[in-house]
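For reference, the structure is listed below as structure tokens.
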Protein chains: 2
Amino acid sequence: MTATYRDVKADILEKITLGIWPPGSTIPKEIELAEIYDCARATVNRAMRELAEDGIVERKRKAGTKVRMAPVRQARFEIPIVRKEIEDKGTEYRYALVRKERQQAPDWLRARLRLNDGGAVLHLICMHYADGAPYQYEDRWINLDLLPNAAEIDFADTGPNEWLVATIPFSNAEISLLATMADAELAEHLGCSKGDALFQAERSTWWDGKAITFVRLTFRKGHRMTTRY
Amino acid sequence: MTATYRDVKADILEKITLGIWPPGSTIPKEIELAEIYDCARATVNRAMRELAEDGIVERKRKAGTKVRMAPVRQARFEIPIVRKEIEDKGTEYRYALVRKERQQAPDWLRARLRLNDGGAVLHLICMHYADGAPYQYEDRWINLDLLPNAAEIDFADTGPNEWLVATIPFSNAEISLLATMADAELAEHLGCSKGDALFQAERSTWWDGKAITFVRLTFRKGHRMTTRY
DNA sequence: TTTTCCATTATGTCTATATTTATAGATTGA
DNA sequence: TCAATCTATAAATATAGACATAATGGAAAA
């Protein structure tokens with residue numbers, strides 16, 4: 001009989017969507033809601049906290065809880081490992097190392113990774129295929145000052161991404177999504193025409209404030225990143 | 001002295017990042033952690049629940065909590081209202097209605113919005129400018145069967161998005177991000193060349209299972225969507 | 001009048017305990 | 001041997017009560 005936090009959350013959400021509590025209005029305080037739904041304040045609190053996390057309401061101590069004027073629409077995109085992404089679609093995954101080269105970090109990379117001291121980096125070009133067709137072109141740079149043993153790894157069989165996630169369990173990252181025009185190299189590897197519009201993701205990764213890796217992932221022509229919310 | 005759920009979360013996360021609890025390993029059960037940190041089980045529970053929400057650990061009843069082999073990296077992108085996005089950058093926002101037309105829903109739109117009965121739609125083309133320069137081209141379709149009063153609105157001064165969020169407080173949506181080549185129309189409005197690679201977002205929106213609107217947003221050349229996690 | 005300070009108050013968090021629920025693993029039966 | 005069923009267990013959720021924290025609005029002081 002007594003309401004669960006899900007019930008409370010659902011009911012409040014319904015009141016908001018139906019316009020009973022319009023944007024900008026103040027929702028009754030937790031104690032009152034606890035009485036209304038005949039549950040503990042902690043239960044109401046959890047429901048309200050989740051609604052706040054979802055960007056539907058805004059909470060402030062003393063001020064109370066208000067329905068957001070414009071709900072902060074935030075889409076969550078999962079960034080899976082390519083192999084998993086391909087295999088989850090039921091297609092066969094294949095990986096190939098195109099190029100591997102040890103070199104000094106170019107200026108643009110130093111800026112991107114906020115590196116002060118110019119260091120050695122490992123530059124890798126890899127391809128990922130789904131059912132034999134090109135799926136993703138990976139242009140990766142690994143900071144050898146931080147991960148010197150990366151130079152010893154032979155990335156012929158498994159991609160650098162898989163090695164990295166196994167080596168550095170968790171890290172901070174910055175992702176950018178953008179559109180780019182295919183140059184000759186991309187066109188050749190991804191099997192499209194030069195000048196085609198391609199979807200690209202760039203990711204810079206740090207661990208404990210130190211730059212680990214920068215990667216530019218270019219997807220095959222027509223790729224979409226989709227999510228629901 | 002006793003640990004807060006933040007302390008517990010931070011400490012567990014540190015143990016994971018330092019490799020003390022490597023991917024795949026099982027974390028001590030909640031009761032044990034509560035003893036270790038000298039706090040209540042609910043405090044540990046909140047810390048662990050958040051770690052699970054963040055995709056760092058995986059929890060299962062009876063089986064315990066395990067460190068994920070590959071942390072599910074999920075990036076959250078906020079989808080703000082264009083006006084807010086532009087104004088938050090400190091640039092001046094300007095809006096213009098390019099075209100407004102009532103028509104029958106074309107087949108591709110019916111498929112996209114999962115409409116059974118062919119209905120009337122309002123087709124709008126709008127432009128959003130930042131400091132006078134083209135910023136975003138909006139190609140919007142509004143379901144007039146569900147929102148008949150949309151036909152009466154004069155979208156000359158404010159964009160349809162702002163009217164929609166004010167009219168429908170909350171809704172479900174599906175977003176796709178992709179790259180596209182500029183056609184003549186896009187090139188002209190966005191001030192770029194035909195064939196340029198442009199970043200595009202498509203959003204379909206439903207309320208209570210009924211399609212409200214479909215919008216295709218094309219950003220100016222070079223636009224990036226960026227987030228940290 | 002303006003600024004500083006404080007009481008009030010709503011949310012944030014924690015504790016200790018209880019109940020519910022899912023499930024891994026053991027047991028049982030065909 | 002294999003599937004159905006049971007059982008012990010760990011997480012999931014709920015609760016009452018308490019204290020912590022931050023922000024508001026007004027009172028007091030300059």
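Proteins get letters first, then strands, A, B, ... in listed order; numbering begins at 1 in each.
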Between [N] ([atom2]) and [X] ([atom1]): distance, integer Å:
X: B/Glu30; N: C/dC14; atom1: CD; atom2: C1'; value: 15 Å
X: A/Glu58; N: C/dT11; atom1: CD; atom2: C1'; value: 14 Å
X: A/Ile27; N: C/dA10; atom1: CD1; atom2: C1'; value: 14 Å
X: A/Arg59; N: C/dA10; atom1: CZ; atom2: P; value: 13 Å
X: A/Lys66; N: C/dT11; atom1: NZ; atom2: C1'; value: 13 Å
X: B/Glu50; N: D/dT13; atom1: CD; atom2: C1'; value: 16 Å
X: B/Arg6; N: D/dA20; atom1: CZ; atom2: P; value: 17 Å
X: A/Tyr5; N: C/dT21; atom1: OH; atom2: P; value: 14 Å

With 3.5 Å as the limit, what N/O pairs link the protein to nucleotides 17-19 of chain D?
| from | atom 1 | to | atom 2 | distance (Å) |
| --- | --- | --- | --- | --- |
| D/dA18 | N6 | A/Arg41 | NH2 | 3.4 |

Would you mind telling me which of [options] lies closest to the side-chain atoms of [X]?
X: B/Thr65; options: D/dA11, D/dT15, D/dT13; value: D/dA11
X: A/Arg46; options: C/dT13, D/dT13, D/dA14; value: D/dT13
X: A/Lys60; options: D/dT24, D/dA12, C/dT11; value: D/dT24
X: A/Ala40; options: D/dA16, C/dC14, C/dG12; value: D/dA16

Handout entry: Residue pairs, two or more places apart or on separate chains, that pass salt bridge (Lys or Arg N to Asp or Glu O under 4.0 Å) and touch residues 41-51 of chain B
Key =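 As it turns out, the salt bridge (Lys or Arg N to Asp or Glu O under 4.0 Å) pairs with a partner in residues 41-51 of chain B, which skip direct neighbours, are B/Lys9-B/Glu50, B/Glu30-B/Arg41, B/Arg46-B/Glu50.
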
Exercise for the section: Please state whether the rings of A/Trp141 and A/Trp108 are parallel, tilted or perpendicular, taking 30° and 60° as the class boundaries. Expected result: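 Perpendicular, since the angle between the ring planes exceeds 60°.
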
Exercise for the section: Anything under 30° is parallel, anything over 60° is perpendicular, the rest tilted; go ahead and classify A/Tyr135 against A/Phe219. Expected result: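 Perpendicular: the ring planes of A/Tyr135 and A/Phe219 meet at over 60°.
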
Exercise for the section: Could you point out which residue of A/Arg203, A/Glu138, A/Arg140, A/Arg112 forms a side-chain contact (heavy atoms from CB on, under 4.5 Å) with A/Arg216? Expected result: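 For A/Arg216, the side-chain contact (heavy atoms from CB on, under 4.5 Å) check succeeds only for A/Arg112.
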
Exercise for the section: Could you point out which residue of B/Val8, B/Ile27, B/Thr65 forms a side-chain contact (heavy atoms from CB on, under 4.5 Å) with B/Leu33? Expected result: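 The side-chain contact (heavy atoms from CB on, under 4.5 Å) with B/Leu33 is passed solely by B/Ile27 among B/Val8, B/Ile27, B/Thr65.
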
Handout entry: Residues which pass side-chain hydrogen bond (donor to acceptor under 3.5 Å, both in side chains) with B/Tyr93, listed by chain and number, not counting sequence neighbours
Key =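 B/Tyr93 satisfies side-chain hydrogen bond (donor to acceptor under 3.5 Å, both in side chains) with B/His128 only.
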
Exercise for the section: List for me each residue that meets side-chain hydrogen bond (donor to acceptor under 3.5 Å, both in side chains) alongside A/Arg83, sequence neighbours excluded, and say none if there are none. Expected result: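 So A/Arg83 forms a side-chain hydrogen bond (donor to acceptor under 3.5 Å, both in side chains) with A/Glu87, A/Glu162.
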
Please tabulate, one pair per line, each protein N/O and nucleotide N/O from nucleotides 6-9 of chain C that are separated by under 3.5 Å, including the distance.
none

Practice task
Output all residues satisfying salt bridge (charged side-chain N to carboxylate O under 4.0 Å, His left out) with A/Arg114, sequence neighbours left out; order by chain, then residue number.
Solution key: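 Partners of A/Arg114 by the salt bridge (charged side-chain N to carboxylate O under 4.0 Å, His left out) criterion, ordered by chain and then number, come out as A/Glu174.
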
Exercise for the section: On DNA chain C, check which nucleotide each of A/Gly64 and A/Asn45 is closest to and give me the residue with the more 5' one. Expected result: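 Upstream on the strand: A/Gly64.
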
Exercise for the section: Examine distances only and state if a side-chain atom of B/Asp131 and a backbone atom of B/Glu92 form a donor-acceptor pair shorter than 3.5 Å. Expected result: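 Here the side-chain-to-backbone pair exists.
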
